[in-house]
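Working notes for the structure below.
The residues of the chain are indexed from 1 along the displayed sequence. The figures here come from the full heavy-atom set of this structure, side chains too, leaving out hydrogens, waters and symmetry mates.
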Amino acid sequence: MDGDTLYSIGDLARRTGLTVKTVRFYSDEGIVPPAGRSPSGYRLYGTDAVARLGLVRTLRELGVDLASIRKVVDREVSLPEVAAAHADALDVQIRVLRLRRAVLTAVAKRGSTPEELDLMHQLAKLSEAERRRLVDDFLGSVFDGLRDHPAFAAVVRSMTPELPDSPEAEQVEAWVELAELFQDADFRSTMQGMARDMATDRAPDDTTGLPRILAEAVRAQVTPALTAGTDPASPEADPIVSTLTARYAHIAGLPDDIALRRRLAARLESMDDPRRDRYLQLLAVINGWPAPESLAPPLAWIVQALRVRMP
């Protein structure tokens, strides 16, 4: 077609696949202005109108608003600028949809009440700064008075959730559940007691973090015994108990006696809290870390082994 060809609204509709009503609307909005009028007064359009309508149709299907489309076709802004702006807007919408999906999925799984639904929704839509304040409040409370300890920074980092900018649904769901744990006063109190106990057991210059050392030692020593079905009260358990108590005595700087074994049993019992296990599982999901194995079975085994050997 040549540059002198003019089209009626009906012609444009047929060429673009749009309805006559839609073409007329875009014309009325000034997005596709007529090039002239027929002798009867009907609007006529130049060949560029076909290309304009094709662009308009594509942008509308991508969700671009009419005001932005008008600026593009009038060359007030470039197409890449508008595309970038709307891509950013879509990112926000996607994050919001992921949050909503995570909340609804959690509600469906847990059979939540309307009150729990509202709480989960509020937790899910917290801003990054609000999430940070919630985390800092929890960890600050748990480690209150321990900030000057050499292991403080490393331990806090190992317990800090970092929700990605574009989280997966399961990460959002894990964040909501973890945020609920933050607000569990009993769990907070339990973690505070555990942190104080562990700080008491560490030498002032110890930067290794006793909870991690104990957990790794218990897992390494006890897991083979669990796999083998060893009875914690049997003689076969004696070397395992001796190894762990000797290591604890070395870390705490105390003699390996009955008092130390009672103290170790109490420390390990405080660690054997299902909520602590769940915290670490949720933390791994949020931060994209490997899923941790539950420490509950090894802890229960070694505590029983210690108790049966006390007078």
Side-chain angles (χ1 to χ4, degrees), residues 1-108 117-118 120-132 162-176 286 288:
M1 54 187 171
D2 59 61
D4 296 329
T5 303
L6 295 176
Y7 302 103
S8 68
I9 286 181
D11 292 333
L12 285 181
R14 284 188 292 275
R15 286 178 174 273
T16 60
L18 298 170
T19 66
V20 169
K21 182 179 179 179
T22 300
V23 175
R24 184 176 290 112
F25 170 76
Y26 288 142
S27 182
D28 291 342
E29 290 293 314
I31 293 174
V32 185
R37 297 269 178 173
S38 69
S40 305
Y42 292 107
R43 285 176 281 194
L44 297 174
Y45 300 85
T47 54
D48 65 320
V50 177
R52 272 196 173 216
L53 283 170
L55 176 60
V56 170
R57 180 178 186 173
T58 299
L59 291 175
R60 287 297 287 159
E61 288 176 351
L62 290 171
V64 180
D65 60 276
L66 286 177
S68 297
I69 290 174
R70 184 181 290 107
K71 290 179 181 179
V72 171
V73 296
D74 290 342
R75 299 189 178 181
E76 294 178 24
V77 295
S78 69
L79 180 58
E81 288 174 323
V82 169
H86 279 267
D88 290 341
L90 280 174
D91 283 340
V92 173
Q93 292 177 31
I94 289 169
R95 284 197 292 272
V96 170
L97 288 173
R98 279 178 171 164
L99 291 174
R100 291 175 181 171
R101 180 181 182 276
V103 170
L104 292 172
T105 299
V107 169
L117 168 61
D118 182 62
M120 284 190 287
H121 178 57
Q122 296 305 318
L123 291 173
K125 69 177 186 178
L126 291 178
S127 67
E128 182 179 355
E130 290 168 331
R131 290 198 302 270
R132 175 60 58 188
E162 299 283 354
L163 192 66
D165 290 336
S166 299
E168 299 297 328
E170 58 269 22
Q171 289 176 303
V172 176
E173 189 177 344
W175 158 252
V176 170
I286 295 168

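In terms of heavy-atom proximity, Val50 sits nearest to Thr16 at O-CG2, 4.2 Å. For the residue pair Trp175 and Leu163, the shortest heavy atom distance occurs at CB-CD1, 4.2 Å. Listed here is the closest heavy atom pair of Ala35 and Gly46: CB-N, 3.8 Å. When all heavy atoms are compared, the tightest approach of Tyr45 to Pro33 is CD2-O, 3.6 Å.
Residues satisfying the side chain to side chain donor-acceptor pair (under 3.5 Å) test with Arg14, not counting sequence neighbours, are Asp11. Residues passing the side chain to side chain donor-acceptor pair (under 3.5 Å) test with Glu162 are Arg132, sequence neighbours excluded. Looking at residues two or more places apart in sequence or on another chain, you find a side-chain contact (heavy atoms from CB on, under 4.5 Å) between Pro164 and Pro167, Gln171. Evaluation of the side-chain contact (heavy atoms from CB on, under 4.5 Å) rule for Asp48 yields Arg52 as partners, not counting sequence neighbours. In terms of the side chain to side chain donor-acceptor pair (under 3.5 Å) criterion, Arg131 has no residue partners (sequence neighbours excluded).
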Return a table of donor-acceptor pairs under 3.5 angstrom between the side chains of residues 19-26 and protein atoms on other chains or two or more places apart.
{"from": "Thr19", "atom 1": "OG1", "to": "Thr22", "atom 2": "N", "distance (Å)": "3.0"}
{"from": "Thr19", "atom 1": "OG1", "to": "Thr22", "atom 2": "OG1", "distance (Å)": "2.7"}

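The line from OG1 of Thr47 to CG of Leu12 is 10.5 Å long, rounded to the nearest 0.5 Å.
Contact annotation: the side chain of Ser38 never approaches that of Ser8 to less than 4.5 Å [non-hydrogen atoms, C-beta and beyond].
For the side-chain contact (heavy atoms from CB on, under 4.5 Å) criterion with Ser68, the lone passing option out of Val64, Val72, Leu66 is Val64.
Residue pairs meeting the salt bridge (Lys or Arg N to Asp or Glu O under 4.0 Å) criterion with at least one partner in residues 58-72, sequence neighbours excluded, are Glu29-Arg70, Arg57-Glu61.
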